[in-house]
Amino acid sequence: MNTLQELDMNGRLALTEETAKKFKESSREHDENVTFPFENFEALKAIGYPQLSIPKEYGGGGVSLHELMKHQEIIAKNDGATALSVGWHMGIIMDIGEKHSWDDEKYRKVVADVIENGSLINNLATEPATGSPTRGGRPETTARKDGDKWILNGRKTFATLSPILKYAVISASIEGTDEVGNFVVDTALKGVHIDETWNSVAMRASGSHDFIMKNVRVEAEDLVSYRTPGRKSPAGWLLHIPACYLGIARAAQEASVNFAAEYSPNSIKGTISELPNVQEKLGRVELMLMESEHFLYSVARKWDESSAEERQQMGNELGAVKTSIVNKAVEAVDLAMRVVGAKSLSADSELQRHYRNVRAGLHNPPMDDMVIIGLAKGSISRIKEARNEKMTSNAE
């Protein structure tokens, strides 16, 4: 079998699609049983997917953000939980490499493991008491210095990928200071335990259990960064979130169109796809998803083509992509279900799974209220600045 790095972009996308098509076959089973799709990740490892987003200077595929989003959408159309789960790894490993935010030697050790073994990484920051880390709560997980090592204790929730995760980047409050550090924890270390708590109605196959640490000892080099209070740097890689929900909405669209093209009640001639009220719903779905595609991929391309300084100005834009696409995806799936009718609520229908999964996006970062307020502040600042410049020019 070819690996992704041996192909051009069209070949890479085709290989991802060929691989991901098999995920759809088992998605219902994993959803119903709340089991983790290990076989999906083995298939992704077999084609070299985990290293595709590592920069080329470190031996990875070095794909653009624009292309990565294409791959993520393809995977999501076949299995949303797999796409969201692997998307965290793909984006994080890309972001660290591009920003050189870790010590270079430490990053090289981790990516060598990713390239050789398909090892996966994720940031674990959410906790029961603090909620979403985007709200700024201080972690209750603690890090205590003990000689040349650190001792970590705490519990992280929503630890997506936990059944297969090799590296967990843990945010922890450093005892005796006001600082919060990010520590790389090898999940094979003594004291690490996965508490299988995940029983959400959405993304049931994401393995987002609780990650528990009891006196876990890590090396000094495993403190890879510090959390900086205040405004976060824009993160293009988080576009994997809207890409995922766009893919799910496309799957729902396909299911509803196939149903409409085949269903022919005896009250009409032909199929319901010929009815104006059905076409109106399907047309609205296509319009929303067309808008979403253009928004996602134009901003992703802009990110790829921007300098580091220009990217710092893209925070509101990136947040707007997530909020716009996720909300449109939720509405699109709802419309798709209206086309199918009550049959869409059957446990045998894939649409009810898409409906549950797509709503998870409303709770992924950034949160809608923070995005909208940020957009408001940005518009106020921009218009005030333009007005002041005009007044200054007139005064001169």
Side-chain angles (χ1 to χ4, degrees), residues 4 9-31 37 39-41 43-44 47 49 52-53 63 65-91 160 202-206 239-261 282 284-297 300 321-322 324-337 339-340 344 349-361 364:
L4 292 164
M9 186 179 76
N10 289 335
R12 290 193 293 269
L13 292 170
L15 180 54
T16 295
E17 186 160 14
E18 179 187 344
T19 304
K21 280 180 180 178
K22 300 170 186 175
F23 302 168
K24 191 172 183 179
E25 300 170 8
S26 61
S27 58
R28 174 181 172 177
E29 178 186 350
H30 287 299
D31 177 79
E39 69 278 12
N40 293 359
F41 289 86
L44 290 172
I47 63 171
Y49 192 68
L52 187 65
S53 61
V63 297
L65 184 67
H66 181 274
E67 182 183 335
L68 180 58
M69 295 306 101
K70 291 281 187 183
H71 290 277
Q72 287 296 128
E73 184 187 347
I74 288 169
I75 296 171
K77 188 176 178 183
N78 291 280
D79 190 90
T82 296
L84 184 65
S85 299
V86 78
W88 295 110
H89 162 86
M90 300 299 289
T160 301
M203 295 296 181
R204 289 167 66 79
S206 65
L239 289 181
H240 86 90
I241 295 171
C244 173
Y245 297 104
L246 174 59
I248 294 172
R250 281 295 187 193
Q253 177 192 37
E254 187 174 296
S256 64
V257 170
N258 285 337
F259 177 86
L282 294 176
R284 286 166 61 194
V285 170
E286 177 63 10
L287 176 60
M288 286 187 286
L289 300 189
M290 187 184 296
E291 291 172 341
S292 295
E293 281 192 357
H294 281 278
F295 199 5
L296 172 65
Y297 291 110
V321 173
K322 186 268 177 177
S324 175
I325 291 179
V326 168
N327 282 280
K328 281 185 170 68
V330 169
E331 187 177 354
V333 174
D334 180 73
L335 281 170
M337 294 181 76
V339 168
V340 175
S344 67
S349 171
E350 66 179 272
L351 280 167
Q352 53 83 22
R353 183 171 66 254
H354 299 323
Y355 177 80
R356 289 182 285 108
N357 282 345
V358 80
R359 296 193 67 81
N364 289 141

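Computed from a predicted model, the values in this text were never measured in an experiment. What's counted below: heavy atoms across the whole structure, side chains too, no hydrogens, waters or symmetry copies.
Among all heavy-atom pairs drawn from S85 and T160, the shortest one is OG-CG2, 3.5 Å. Listed here is the closest heavy atom pair of L282 and S256: CD2-OG, 3.6 Å. In plain terms, the two heavy atoms of A260 and V339 that are nearest each other are CB-CG1, 4.2 Å. Between F41 and V86, the closest heavy-atom pair is CE2-CB, 3.8 Å. Nearest heavy atoms, V321 versus L239: CG1-CD2, 3.7 Å. The shortest heavy-atom contact between L52 and M90 is CB-CE, 3.9 Å.
Proximity of L44 to H71: side-chain heavy atoms (C-beta onward) are nowhere separated by under 4.5 Å. Between C244 and I241, every side-chain heavy-atom pair lies at or beyond the 4.5 Å cut-off. Annotation: side chain of F295 is not in contact with side chain of K328 (no heavy-atom distance under 4.5 Å). No side-chain heavy atom of Q253 sits under 4.5 Å from any side-chain heavy atom of L335. By the 4.5 Å heavy-atom criterion applied to side chains, N357 and L84 are not counted as neighbours. No side-chain heavy atom of R353 sits under 4.5 Å from any side-chain heavy atom of R204.
Here the CG atom belonging to N364 is positioned 7.5 Å from the CE atom belonging to M203, to the nearest 0.5 angstrom. Atom CD1 of residue I325 and atom OH of residue Y245 lie 12.5 Å apart, to the nearest 0.5 angstrom. Of the inter-residue distances, the one linking R28 atom CZ with S26 atom OG reads 12.5 Å to the nearest 0.5 angstrom. Atom CG of residue L246 and atom CD of residue E73 lie 4.0 Å apart, to the nearest 0.5 angstrom. Atom CE of residue M290 and atom CE of residue M288 lie 12.0 Å apart, to the nearest 0.5 angstrom. To the nearest 0.5 Å, the span separating NE2 on H240 from CG on L68 amounts to 9.0 Å.
Comment: E17 does not engage R12 in a salt bridge, judged by the lack of any side-chain N to carboxylate O separation of less than 4.0 angstrom.
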**Request:** I would like to know whether F259 and L351 meet side chain to side chain contact (heavy atoms under 4.5 Å, CB included); could you show each step before the answer?
**Result:** CA-CA 11 Å; F259 177 86; L351 280 167; over 6 Å; no

**R250 and E293: CA distance, side-chain angles, deciding distance, side chain to side chain contact (heavy atoms under 4.5 Å, CB included) verdict** = CA-CA 10 Å; R250 281 295 187 193; E293 281 192 357; 3.1 Å; yes

**Request:** Go through the steps for K22 and E39 under the test salt bridge (Lys or Arg N to Asp or Glu O under 4.0 Å), then give the verdict.
**Result:** CA-CA 10 Å; K22 300 170 186 175; E39 69 278 12; over 6 Å; no

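Among residues two or more places apart in sequence or in another chain, the ring pair (Phe, Tyr, Trp, His ring centres under 6.0 Å) test is passed with Y355 by none.
Although no hydrogens or angles enter the test, the distance criterion places a donor-acceptor pair under 3.5 Å between the side chain of Q352 and the main chain of S349. Looking only at distances, a side-chain donor or acceptor of N78 sits under 3.5 Å from a matching main-chain atom of I74. Side chain of K70 to backbone of Y297: no donor-acceptor contact under 3.5 angstrom is found. Listed for the N258 side chain is a donor-acceptor partner under 3.5 Å among the backbone atoms of E254. Checked by atom type and distance alone, the side chain of S27 never pairs as donor or acceptor with a backbone atom of D79 at under 3.5 Å.
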